[in-house]
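Here the structure comes first, spelled out in structure tokens, and everything after it is commentary.
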Amino acid sequence: MPNYWLFKSEPDVYSIDDLKRDKKTYWDGVRNYEARNYLRDKVKIGDLVLFYHSNCDEPGVYGICEVVKEGYPDFTQFDPSNKYFDPKSKEDNPTWFMVDVKFVKKLKKPVLLEDIKSNPKLSKMRLVQKGNRLSIIPLTESEFEEILKMSGE
DNA sequence: GCCAACGTTGGC
DNA sequence: GCCAACGTTGGC
């Protein structure tokens, strides 16, 4: 039984089309402790992930990917030239973690944030709760399935 | 571009 | 340990 997640990405930085082109990517730059704990401890190989576009004209879920490598240290935290560099993190005790995901599919049509907000079955998702900023969000199986249904999948 | 909500930092 | 200041997120 896989777990289900929603990962946010700004499409100007990395979009579902980038993942489709690359087939696979590492999920770098998560710098929030709660999200880090999910990546380090809970996100497992075979888990399914909704790929969400944030901070853009039409925020919403645009695709699906699958976890292919479980939590390991995010190497960008050790690279002074990287924008995610964290001088406080030590290689023998890394602060930040990443996972790898592979492209599964783009949704036939995106499920936009406004659609998610207007669906009462999805009102418990942290995505739509007040002040939400978490970039790695756990989903129930029924929430995941409901979003696929809304996309016409 | 604005700004509310939130997490982090650092002085005390 | 408190909390004001600050930086970031992300919808609008």
Side-chain angles (χ1 to χ4, degrees), chain A residues 3-22 25-43 47-65 67 71-101 103-140 142-153:
Chain A
N3 303 303
Y4 300 93
W5 307 94
L6 181 147
F7 287 9
K8 291 181 188 173
S9 182
E10 299 189 19
D12 290 348
V13 178
Y14 198 86
S15 74
I16 187 70
D17 290 314
D18 294 321
L19 181 58
K20 184 175 183 182
R21 178 198 63 217
D22 296 342
T25 193
Y26 48 85
W27 204 272
D28 65 338
V30 172
R31 295 292 180 271
N32 165 281
Y33 284 102
E34 187 176 5
R36 185 281 310 270
N37 291 345
Y38 286 133
L39 290 180
R40 188 188 56 189
D41 304 330
K42 303 287 189 192
V43 178
D47 286 0
L48 294 172
V49 177
L50 298 179
F51 195 115
Y52 180 88
H53 285 182
S54 66
N55 207 5
C56 57
D57 284 348
E58 292 192 299
V61 175
Y62 283 75
I64 304 172
C65 48
V67 178
Y72 63 104
D74 177 342
F75 59 86
T76 63
Q77 71 195 302
F78 305 124
D79 176 1
S81 70
N82 192 286
K83 73 170 190 162
Y84 297 120
F85 177 59
D86 180 355
K88 294 199 296 295
S89 183
K90 302 297 168 217
E91 298 218 29
D92 57 3
N93 185 22
T95 307
W96 307 114
F97 285 73
M98 57 172 35
V99 300
D100 291 355
V101 298
F103 177 78
V104 174
K105 72 197 305 189
K106 278 180 77 169
L107 296 184
K108 286 179 188 144
K109 70 183 173 78
V111 179
L112 301 182
L113 179 61
E114 58 185 291
D115 303 323
I116 294 171
K117 280 182 170 170
S118 63
N119 184 335
K121 289 180 187 167
L122 300 175
S123 62
K124 290 206 174 65
M125 281 176 60
R126 285 188 69 177
L127 181 72
V128 296
Q129 289 170 5
K130 194 179 81 164
N132 160 73
R133 287 169 51 180
L134 197 62
S135 63
I136 305 290
I137 298 178
L139 302 178
T140 66
S142 59
E143 287 164 347
F144 182 87
E145 296 296 338
E146 181 67 15
I147 287 174
L148 294 200
K149 206 168 107 187
M150 292 164 74
S151 78
E153 295 290 333

Problem set entry | Within-4.5 Å side-chain heavy-atom neighbours: A:Lys8 and A:Asn132 | yes

For this session: Go through the structure and list residues passing side-chain contact (heavy atoms from CB on, under 4.5 Å) with A:Asp22, not counting sequence neighbours.
Result: A:Tyr14

Problem set entry | Close residues, residues 49-63 of chain A, relative to DNA chain C [heavy-atom separation under 4.0 Å] | A:Tyr52, A:Ser54, A:Asn55, A:Pro59

Exercise. Once you round it to whole Å, what is the distance between C1' of C:dG10 and CD of A:Gln129?
Worked result: 16 Å

Seminar exercise, completed: By ring pair (Phe, Tyr, Trp, His ring centres under 6.0 Å), A:Phe78 pairs with (sequence neighbours left out) none

For this session: Please name all residues satisfying ring pair (Phe, Tyr, Trp, His ring centres under 6.0 Å) with A:Phe7, sequence neighbours left out, ordered by chain then number.
Result: A:Trp27

Dump the pairs, protein N or O against N or O of nucleotides 7-9 of chain B, anything under 3.5 Å, distances to one decimal.
unit_1: B:dT9; atom_1: OP1; unit_2: A:Lys88; atom_2: NZ; d: 3.3

Problem set entry | Rounded distance (Å) that lies between atom C1' of B:dC3 and atom CG of A:Asn132 | 17 Å

Exercise. Can you tell me if the side-chain N/O atoms of A:Lys8 get under 4.0 Å from OP1 or OP2 in C:dG10?
Worked result: yes

Exercise. Can you name the residues that form a side-chain contact (heavy atoms from CB on, under 4.5 Å) with A:Ser123, not counting sequence neighbours?
Worked result: none

For this session: Round to a whole Å and report the spacing from NZ of A:Lys130 to C1' of B:dC3.
Result: 14 Å

Exercise. Rounded to whole angstrom units, what separation is found between the CG atom of A:Leu127 and the C1' atom of C:dG11?
Worked result: 11 Å

Exercise. Over how many whole Å does the gap from A:Leu112 atom CG to C:dG10 atom P extend?
Worked result: 17 Å

Exercise. Residues two or more places apart in sequence or in another chain: which of them pass ring pair (Phe, Tyr, Trp, His ring centres under 6.0 Å) with A:Tyr72?
Worked result: none

Exercise. Starting at CD of A:Glu114 and ending at P of C:dG11, how long is that distance when rounded to a whole Å?
Worked result: 12 Å

Exercise. Partners of A:Asp18 by side chain to side chain donor-acceptor pair (under 3.5 Å), sequence neighbours excluded?
Worked result: A:Ser15, A:Arg21

For this session: Sequence neighbours left out, what passes side chain to side chain donor-acceptor pair (under 3.5 Å) with A:Asn119? Give chain and number order.
Result: A:Glu146

